[in-house]
Number of protein chains: 2
Amino acid sequence: MKRIERYGRIEFAISGIQSDRLTEGGAVFRNGEDTRQVRAFRTDAGEYRVRFMPEKEGVWDYRISICGREMEGTFECVPNTGNNHGKVKADGDRFQYEDGERYIPFGTTCYAWIHQTEELQEQTLRSLSESPFNKIRMCVFPKSMPYNNNDPDCYPFYKKEDGAWDVTRPDQQFWEKLDKRIRQLGELGIEADLILFHPYDRWGFAELSQEDSLAYLEYCIARLAAYRNIWWSLANEYETLFKKTDEDWDAYGEMLQEQDVYGHLISIHNIFAPYPKRNWMTHCSIQLQSADLDQVLGWRNEYQIPVVIDECGYEGDLAFGWGSLTAFEMVHRFWWTMLRGGFCTHGETFHREDEVLWWAKGGRLYGESAPRIAFLKELLYSLPGKWHLPEMVGKNPNEADVPDPDMSPEEASGFRLFFERLWSTPKEARERFLAGGCPLRLEGETWYLEYFNRIRPVYADLHLAKDRKYKAEVIDIWNMTRETAGEGLSGEVRIGLPAKEGTAILVTE
Amino acid sequence: MKRIERYGRIEFAISGIQSDRLTEGGAVFRNGEDTRQVRAFRTDAGEYRVRFMPEKEGVWDYRISICGREMEGTFECVPNTGNNHGKVKADGDRFQYEDGERYIPFGTTCYAWIHQTEELQEQTLRSLSESPFNKIRMCVFPKSMPYNNNDPDCYPFYKKEDGAWDVTRPDQQFWEKLDKRIRQLGELGIEADLILFHPYDRWGFAELSQEDSLAYLEYCIARLAAYRNIWWSLANEYETLFKKTDEDWDAYGEMLQEQDVYGHLISIHNIFAPYPKRNWMTHCSIQLQSADLDQVLGWRNEYQIPVVIDECGYEGDLAFGWGSLTAFEMVHRFWWTMLRGGFCTHGETFHREDEVLWWAKGGRLYGESAPRIAFLKELLYSLPGKWHLPEMVGKNPNEADVPDPDMSPEEASGFRLFFERLWSTPKEARERFLAGGCPLRLEGETWYLEYFNRIRPVYADLHLAKDRKYKAEVIDIWNMTRETAGEGLSGEVRIGLPAKEGTAILVTE
């Protein structure tokens, strides 16, 4: 009996099918109580394929029945091994792999990398393999905008005689390339955050009818959902796809929810403001429109799902505000976002006469942020257990456990009055104040990591448990150093700091 | 006949008055149609004084009548000279002196400088005289908080036998010191932004009854309004004066409006969110609670009066977020705020064992921002004529003059759709987007000054009139250099930039 690793992929081809449809139903996989139905997708004339990712060990039997052609059999799903941990899923305000392994997204952005030359695509993969990035934002459709003036070698569909796209005829050259690239990313441990629609278009993909768009999406699901490293990003800058309405976006989200039997992650990326909360949305994929990363706290509260800042500017030197961050600012934005309980995505836009900019075409990384992002990644992955944000300073004064019982009556009264005033201010201002007053800190069971933002105190006062011993390390986020500031510490301790931007401390028991 | 310079000050003392009141009415000054009534204020036992600032040239006659004691006479008001330009007033979204002279506020902060030793106060004045600052935030009452643990040599009032403040008995030692310091600031061309109430208090001034507070305020007006360089700041962090209500604050504002016959500037400073707009408010005095200085645009729109960011953090190295900006960040915040059409205020908080920090006690400046603020000040004062902000990119698409008539029909359609979408997003998000997309730029009749924020493009494309000739200079806000990047420029021009943070360009015809 054929053996497939859990979260692996099994594929079946059935030829000689008489159908004009892009996808056809009729494939059922069963393992005990667990039954999954997936759709078959058309490849070449008369051929359909079925792909399946078993997520449960044991014997699966399957029965495929397409337009009268049938196929059935069994295979055994065996334990996953090595770096195969299954799909990434949301878990409260963070992510993790299906098998429970830790996953912290450190994304990058190469929107149109698969639309470049074979040589450049290979170079992109080499660069990715040497980078810290474990998620990539990339588009299905080619991209047209400044620095993106070349046509791709192939398109997802053939054209009709009148020049319009024929979404019933997928170009296998394109889809096999996409298959291969997603698979290769998976081998590198990189999640493919696949952008299904985007507005940077001179070919007409942004203006497909809703019917055609849904047919295309159904094809994507049937073909790609069995890759464990796929994430669905409905759009980049959804508001500027002028032909689409919120109802259209909801229809995509709902189709994904219904037809992707694995429940891969689903998000939608904005230009102006995050898309309103929806049932189909597994996490927020946000473009920031100001330097105010503190909004992460508000979005966490509002959406109650993981918040990924998928665009907060790119390291580069373009004349566009979105593409001209210093490396330090890029690294700082990673620290800031992650220590507010969100996640951040990288991109790089250094002006080049050959127009090969990482953010769109991939190629090589020229900037200085990636190694520092790697340093942060290594640090966060090294910290044991789960973590949470500090309990907000700004609790509602009517809540029972504030103020602190150690306070004197006068202190307690002042505390209450302060927060009563705060609670009577408008929500936006209150959230800014609370975010500003709340340290950028992650707290674990036996440690905390605090980042001093762009400020640079000359010392920090640590308030440690009196009956335990702690070690304090001072971290330089730019020079990527960790220096021990004290060991065997307890109670009230003052440690010296280098009084420079980009400083963090790690306190461990 | 006695001659007084316009915006100068004339003072009369009447003794032997039988009254317990802090102030008494009964002084009338008249010059033609112009009649002004001011109150007399008590000094020593039985003595009252009347101060008056004539703002109109020519012969004034006056008649003072207090509790039966009378005095009358005339004096001549002659033209103002030298650096005497009268009081500062609001003029649309900016300020100017009463006589029309340009005034751009470059404030600093020494909350409790008059409560320090005589020697330290003198040193503060010397430091101010060498600084670019032309406004200072300072408190009437002494200050109690970290780094502010010393008691002053005298207080505004004597105490009653029960230990409470007797606001009917002002301590002349205190008030003469305050008079002198305000006068000395005036001689240095520095506006005294006098904070009337504040919460950092261990003596009880923050908890005076409303009746006592109003009596004190009436005394301040009678005594200090005749100084041309006085500004009234009702509070620092008004929300944390827990004993006061919005009605109390409004009563202060209304009393100032009514009794300050010169109409000096009036504002109130917040901790959480700006005080709602009021008729008595001449400008906004705002503490920012995030790094998002772009809010300046929203406040300009909302309040339609000048916006002064009186607290956006201080240059320093304290363990408090509000007191730990790098010098670059302080300078950057001045540029950012001013090129968004607001104004900014400096402060300095370097940790010192002797607790003499500029922000509270004055003394010396140790930081690196002040010379760079001077560079910006010199630059702005050198630019001819009035300026305005760029016309916002984000006009309502229903307004007649957008899109640009030069656009192709497709461009115009895309433009309309884009802004229709933008206009349907919530106000906060829309304002962030518009602010983010709007260059940090001041535009004069024959020049514009643009700051690239913390981004660092490698070039800038200038869109200049084809029939005029321009000079472009690249400004390094940190190294304080101006380098000519091109002369005789017109039409579409690309100029190289140093690709570093802190870059601005000045384009002049």
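Here is how names work: the chains are called A, B, and so on, in the same order as the sequence lines, proteins then strands, and each is numbered from 1. Bear in mind that the values here come from a model prediction, so they are computed numbers and not experimental data. For the numbers below, each heavy atom of this structure counts, side chains included, while hydrogens, waters and symmetry mates do not.
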Contact origin within L318(B) toward chain A - heavy atom pairs under 4.5 Å:
backbone

Once you round to the nearest 0.5 Å, how far does CZ of R421(B) lie from CD of E237(A)?
12.5 Å

For chain B, which of G316(A), P426(A), P199(A) has the most heavy-atom pairs under 4.5 Å?
G316(A)

Are side-chain heavy atoms of H332(B) and R454(A) found at a separation under 4.5 Å?
no

Which region of L241(B), side chain (C-beta onward) or backbone (N, CA, C, O), has a non-hydrogen atom less than 4.5 Å from a non-hydrogen atom of chain A, or is it both or neither?
backbone

Distance col, row F433(A):CZ vs Q287(B):CD, nearest 0.5 angstrom, shows 8.0 Å

Using a 3.5 Å distance criterion without hydrogens, assess whether the side chain of R456(B) forms a donor-acceptor pair with backbone atoms of L325(A).
yes

Find out whether W423(A) and F272(B) are in side-chain contact, i.e. whether some heavy atom of one side chain is under 4.5 Å from a heavy atom of the other.
no

Side-chain touch F418(A)/I271(B), heavy atoms, less than 4.5 angstrom
yes

K277(A) NZ: over 12 foreign heavy atoms closer than 6.0 Å:
yes

Separation of Y314(B) OH from I455(A) CD1 (nearest 0.5 Å)
14.0 Å

Answer with side chain, backbone, both or neither: which region of T326(B) has an atom nearer than 4.5 Å to a non-hydrogen atom of chain A?
both

From CZ (R432(A)) to CD (Q295(B)), nearest 0.5 Å
3.5 Å

Can you tell me how far CD of E329(B) sits from CG of N453(A), rounded to the nearest 0.5 angstrom?
9.0 Å

Would a 4.5 Å heavy-atom cut-off, applied to side chains only, mark V458(B) and F350(A) as touching?
no

